[in-house]
Amino acid sequence: MEFLDLKTQQKRFRKPLEKRINKILDHGAYIMGPEVFELEQKLADYCGVKHAISCSSGTDALLIPLMAWGVGPGDAVFTTPFTYVATAEVISILGATPVFVDVYESTYNIDCDKLEIEINKVIKKGKLKPKAIIPVDLFGLPARYRLVDKIAKKYNLKVVEDAAQSFGGSIRDKKVGTFGDIAATSFYPAKPLGCYGDGGAIFTNDDSLAEECKAIRIHGTKKDKYNSEMIGLNGRLDSIQAAVLLEKLSIFDEELEMRNIVNDNYRKYLNNAQYHPKEYQSAHALFSIVLGSNEKRNTLINRLQKNKIPSVVYYKLPIHLMKAFEYLGYKKKDFPVSENLSQTIVSLPMHPYLTRADIDCIFETIQTK
Ligand SMILES: Cc1ncc(COP(=O)(O)O)c(C=O)c1O
């Protein structure tokens with residue numbers, strides 16, 4: 001059994017993908033070729049946003065908007081410690097300060113009551129200027145954007161949706177990519193929509209912000225390729241990766257539905273998974289369960305391993321306890337919900353091609369004492 005089965009998926013579009021790649025080999029526009037622009041139009045249409053800007057990774061997709069707003073030293077950017085390190089890393093790279101906020105015990109996404117408390121603490125201290133919030137749509141489930149947006153408006157903060165894991169998700173009829181001022185997704189191969197290398201995209205309805213992001217993506221250049229107007233990056237997506245994404249996008253909705261069925265099948269057996277509020281549609285990037293203790297989790301992981309069932313712990317260390325973030329001065333017990341999750345959570349195989357028999361086998365293994 002595979003944790004993620006990309007081989008079965010590839011069989012579905014290998015021929016048309018080879019055709020697309022051959023076309024690229026013929027036209028030779030490897031960087032910013034026609035496939036990139038075709039993909040951007042399709043991504044924008046898919047989400048229902050004005051601008052989809054492809055880029056080199058999910059990390060750069062988060063970094064670029066922060067650069068466009070001039071986020072830097074003296075600025076506070078609020079996010080959670082229970083996420084992939086990239087979410088906080090982009091804040092630190094710019095010299096700004098990540099201010100962590102614990103997550104809800106049920107959804108593992110940013111706790112909006114605690115968010116407002118942390119913002120007020122920063123204001124009271126007076127050392128940092130609250131600048132932006134990066135809510136993370138963990139495991140594919142969108143964060144509570146209605147509340148996040150309310151808080152952002154109240155304190156005049158920007159919002160970057162970290163949609164690295166949630167492309168394809170939605171709240172009511174609003175798709176991921178349309179929340180906050182701007183959204184950032186990842187096309188890392190393991191993501192619900194992944195390419196065969198690194199890749200990402202930025203989504204926004206703001207015309208001038210989109211222009212700035214496009215410029216930053218190509219070394220801060222606008223009209224003149226050799227006259228940078230601002231400090232930027234080499235943040236482009238390759239044409240070949242765009243071709244992979246175009247093929248995958250053509251079966252994406254069907255795969256989302258298949259992920260939905262896998263999720264439903266798991267939930268027939270297991271009631272200790274992430275809570276999905278009514279009207280919130282997850283992209284089901286991962287399926288994780290929480291055990292009663294660290295010991296119970298480790299016992300289960302060993303049992304799964306013995307039965308050749310792969311599992312992964314996302315995330316074994318919350319970011320505030322990582323060595324690289326020691327300089328922020330956080331300590332153990334600062335974020336009890338995140339810390340407890342990191343000790344007790346485990347992700348089970350999740351992909352569209354997981355069969356009912358696979359899930360039965362996983363459940364039997366979980367049940368065995
Ligand atoms: C929540 C989150 N944010 C950001 C990223 C960074 O994306 P990438 O690996 O494409 O740079 C990831 C990737 O795993 C992620 O899961």
Side-chain angles (χ1 to χ4, degrees), residues 3-4 6 39 43 52-67 77-94 98 100-101 103-104 107-110 132-143 145 148 159-169 176-177 179-180 182-203 213 216-217 233-238 241-242 244-245 248 274 282-288 312-320 322 324-325 338 341-342 345 347 350-351:
F3 188 78
L4 170 71
L6 293 176
L39 175 71
L43 290 173
I53 304 156
S54 62
C55 62
S56 47
S57 68
T59 307
D60 283 348
L62 288 166
L63 180 63
I64 290 170
L66 299 181
M67 288 173 75
V77 180
F78 301 84
T79 191
T80 86
F82 193 61
T83 171
Y84 185 57
V85 67
T87 317
E89 194 176 43
V90 293
I91 305 165
S92 295
I93 286 170
L94 295 173
F100 293 120
V101 178
V103 295
Y104 290 117
T107 62
Y108 325 148
N109 283 337
I110 195 161
I133 310 166
I134 311 183
V136 181
D137 302 342
L138 206 76
F139 303 158
L141 178 73
Y145 287 99
V148 169
V159 177
V160 187
E161 174 186 12
D162 184 341
Q165 304 179 4
S166 63
F167 185 80
V176 155
F179 303 113
I182 197 158
T185 199
S186 165
F187 299 133
Y188 180 79
K191 300 298 187 220
L193 181 66
C195 54
Y196 290 156
D198 277 311
I202 298 163
F203 304 89
C213 290
I216 292 168
R217 169 180 67 170
L233 304 167
N234 176 357
R236 297 165 297 215
L237 182 79
D238 300 343
Q241 297 306 339
V244 174
L245 290 163
K248 288 210 189 180
Q274 182 184 36
S282 172
H284 304 299
L286 291 165
F287 186 87
S288 313
V312 185
V313 172
Y314 296 107
Y315 295 96
K316 68 171 187 183
L317 200 59
I319 299 176
H320 68 287
M322 288 182 182
F325 291 85
S338 297
L341 281 168
S342 69
I345 204 161
S347 297
M350 168 49 98
H351 57 80

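Counting starts at 1 for both ligands and their atoms, following the listed order.
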Has [X] got a side-chain atom pairing as donor or acceptor with [Y]'s backbone, closer than 3.5 angstrom?
X: D60; Y: R217; value: no
X: S342; Y: P318; value: no
X: D137; Y: A143; value: yes
X: Q165; Y: K191; value: no

With heavy-atom distances below 4.0 Å as the criterion, list the atoms of ligand 1 near [X].
X: A86; answer: 4 (C), 5 (C), 6 (C)
X: T83; answer: 1 (C)
X: V136; answer: 1 (C)

| said: Over 60° means perpendicular and under 30° means parallel, so tell me whether F167 and F203 are parallel, tilted or perpendicular. | reply: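 Rings of F167 and F203: parallel, under 30°.
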request  = Measure up the Y315 and Y84 rings against each other and bin them: parallel (under 30°), tilted (30 to 60°), perpendicular (over 60°).
outcome  =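 Y315 and Y84: tilted rings.
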Looking at [atom], what's its closest protein heavy atom, distance included?
atom: atom 11 (O) of ligand 1; answer: T59 OG1, 2.5 Å
atom: atom 12 (C) of ligand 1; answer: Y84 CD2, 3.5 Å
atom: atom 3 (N) of ligand 1; answer: D162 OD2, 2.8 Å
atom: atom 14 (O) of ligand 1; answer: K191 NZ, 2.6 Å
atom: atom 9 (O) of ligand 1; answer: S186 OG, 4.1 Å
atom: atom 8 (P) of ligand 1; answer: G58 N, 3.4 Å

By the definition side-chain contact (heavy atoms from CB on, under 4.5 Å), identify the one residue from I133, T185, I182, V176 that meets it with E161.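 Result for side-chain contact (heavy atoms from CB on, under 4.5 Å) with E161: V176.
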message: Would Q165 count as a polar contact of ligand 1, with the cut-off being nitrogen or oxygen pairs under 3.5 Å?
response: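 Such a contact does occur with ligand 1.
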